Each structure stands twice: as structure tokens, then as C-alpha cells.
Amino acid sequence: MALSPGESPGFLLWHATLRWQREIAAALAPLDLTHVQFVLLACTWWLNSQGEHPNQLALARQAGTDVKMTSQVLRTLENKGLVAREVDPADTRAKRLRVTDAGADLAPRAIAAVEGADAQFFRPVPVEDAVALLGRLARPGS
């Protein structure tokens with residue numbers, strides 16, 4: 001028996017995701033970042049803060065993004081002066097990534113903006129419940 005849209009988990013997830021994406025985009029707009037630019041900048045910043053200088057493949061794995069799209073977005077971040085791609089001494093074909101001073105200044109502000117938008121979006125649900133459900137959906141079998 002077919003479910004009505006209001007009873008379909010997938011349909012509701014679709015609408016919730018669209019609303020969440022709009023709210024994240026609005027939070028990032030004053031910082032001149034798209035959502036994907038934010039994710040790649042924040043992941044690079046975090047990995048750098050852990051002493052890592054990932055290549056594009058490692059960053060794409062961390063972020064859960066397509067490798068080709070990651071390269072294109074990194075080019076934009078590089079043009080904005082937020083990320084630098086440097087030759088990896090261990091593999092001259094690979095580029096190691098590091099946030100620039102401007103990127104290191106922007107990343108924590110962008111993270112705070114996104115965390116604020118997330119807090120507002122998820123306010124109706126206890127955070128531990130949201131994290132538990134989304135963790136199960138993001139990593140089934142874990």
C-alpha cells in the first residue's frame with residue numbers, strides 16, 4: 001500500500017534536507033562561501049589542525065565528496081586565497097593542501113555560522129537523538 005507524502009520517510013527527509021540546505025546557504029552567504037566550499041575548507045582546516053596535509057583524494061574521502069568536483073571546488077578556494085595546493089615532496093604528481101592565513105581566519109567563523117544554523121534547524125529534536133539517528137542513516141551497519 002502506497003504511503004501518503006506525509007507518511008513517507010524518504011519524502012519527509014527530502015523536504016527536511018531542502019530546508020536545511022537553504023538555511024545553511026543563508027548562513028554562509030555573508031561569508032561568500034557555498035556549502036561545498038565550506039565543507040572542503042572546514043575539512044582542510046581541521047585536517048591541517050591535526051598536523052595533516054591531505055592531498056585532494058584524502059580530502060574528498062574525509063568530506064564524502066566526488067574527487068573531480070573536489071578538485072574544481074578547491075580551484076575556486078585557491079582563487080579566493082583560502083587554500084593553497086603545494087607539490088607533495090613524496091609524490092610530485094600529488095598536491096598537498098593547506099589553508100592560507102585567510103582560510104584559517106574564515107574557517108572557524110564559517111563553522112560557527114553553520115553550527116548556529118544547525119542548532120536552530122535541529123532545535124525541535126534533542127541533539128543526541130538527531131546525532132544517533134543521522135549517524136545510523138549515514139553509516140548503516142556501524
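Please read these numbers as outputs of a predicted model, since none were measured by experiment. Counting from 1, the numbers follow the sequence of the chain as shown.
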Participant: Which residue pairs pass the side-chain hydrogen bond (donor to acceptor under 3.5 Å, both in side chains) test with at least one member in residues 8-19, sequence neighbours excluded?
Facilitator: Arg19-Glu23
Participant: With heavy-atom distances below 4.5 Å as the criterion, would you say the side chains of Val114 and Asp118 are in contact?
Facilitator: yes
Participant: Quick one: side-chain contact (heavy atoms from CB on, under 4.5 Å) partners of Ala26, sequence neighbours excluded?
Facilitator: none
Participant: For the CD atom of Gln120 and the CZ atom of Arg123, what is their distance to the nearest 0.5 Å?
Facilitator: 4.0 Å
Participant: Kindly state each residue pair satisfying side-chain hydrogen bond (donor to acceptor under 3.5 Å, both in side chains) with at least one member in residues 38-55, sequence neighbours excluded.
Facilitator: none
Participant: With sequence neighbours excluded, tell me which residues meet salt bridge (Lys or Arg N to Asp or Glu O under 4.0 Å) with Arg96.
Facilitator: none
Participant: Considering residues, nucleotides and ligands other than Arg109, do more than 12 of their heavy atoms fall under 6.0 Å from its CZ?
Facilitator: yes
Participant: Applying side-chain contact (heavy atoms from CB on, under 4.5 Å), can you list everything that pairs with Gln37, at least two apart in sequence or on another chain?
Facilitator: Leu33, Thr34, Val73, Thr76, Leu77, Lys80
Participant: In this structure, would Phe121 and Leu134 fall into the same cluster of hydrophobic residues linked by side-chain contacts under 4.5 Å?
Facilitator: yes
Participant: Check the surroundings of atom CG in Asp129: do more than 12 heavy atoms from other residues, nucleotides or ligands lie under 6.0 Å from it?
Facilitator: yes
Participant: Quick one: pull up CG in Leu97 and CD in Glu78 and give me the separation to the nearest 0.5 Å.
Facilitator: 9.0 Å
Participant: Please find the pair of heavy atoms, one from Val125 and one from Ala130, that lie closest to each other, and give the distance.
Facilitator: CG1-N, 3.9 Å
Participant: Give, for atom NE2 of His35 and atom CD of Gln21, the distance between the pair rounded to the nearest 0.5 Å.
Facilitator: 7.5 Å
Participant: Strictly distance-based, threshold 3.5 Å: is any side-chain N or O of Thr65 a donor or acceptor partner for the main-chain N or O of Thr70?
Facilitator: no
Participant: I'd like to know if Leu13 and Val131 are part of one continuous hydrophobic network [Ile/Leu/Val/Met/Phe/Trp/Tyr, side-chain heavy atoms within less than 4.5 Å].
Facilitator: no
Participant: Any idea which heavy atoms bring Pro54 and Leu59 closest together, and the distance?
Facilitator: CB-N, 4.2 Å
Participant: Does Ser71 reach the side chain of Lys95, with side-chain heavy atoms less than 4.5 Å apart?
Facilitator: no
Participant: Closest approach of Thr100 and Ala84, non-hydrogen atoms and distance?
Facilitator: CG2-N, 4.0 Å
Participant: With a 4.5 Å cut-off on side-chain heavy-atom distances among I, L, V, M, F, W and Y, is there a chain of contacts connecting Leu82 to Met69?
Facilitator: yes
Participant: Could you tell me which residues satisfy side-chain contact (heavy atoms from CB on, under 4.5 Å) with Asp91, sequence neighbours excluded, listed by chain and number?
Facilitator: Arg93, Ala94
Participant: From Leu31 CG over to Phe38 CZ, what is the distance, rounded to the nearest 0.5 angstrom?
Facilitator: 9.5 Å
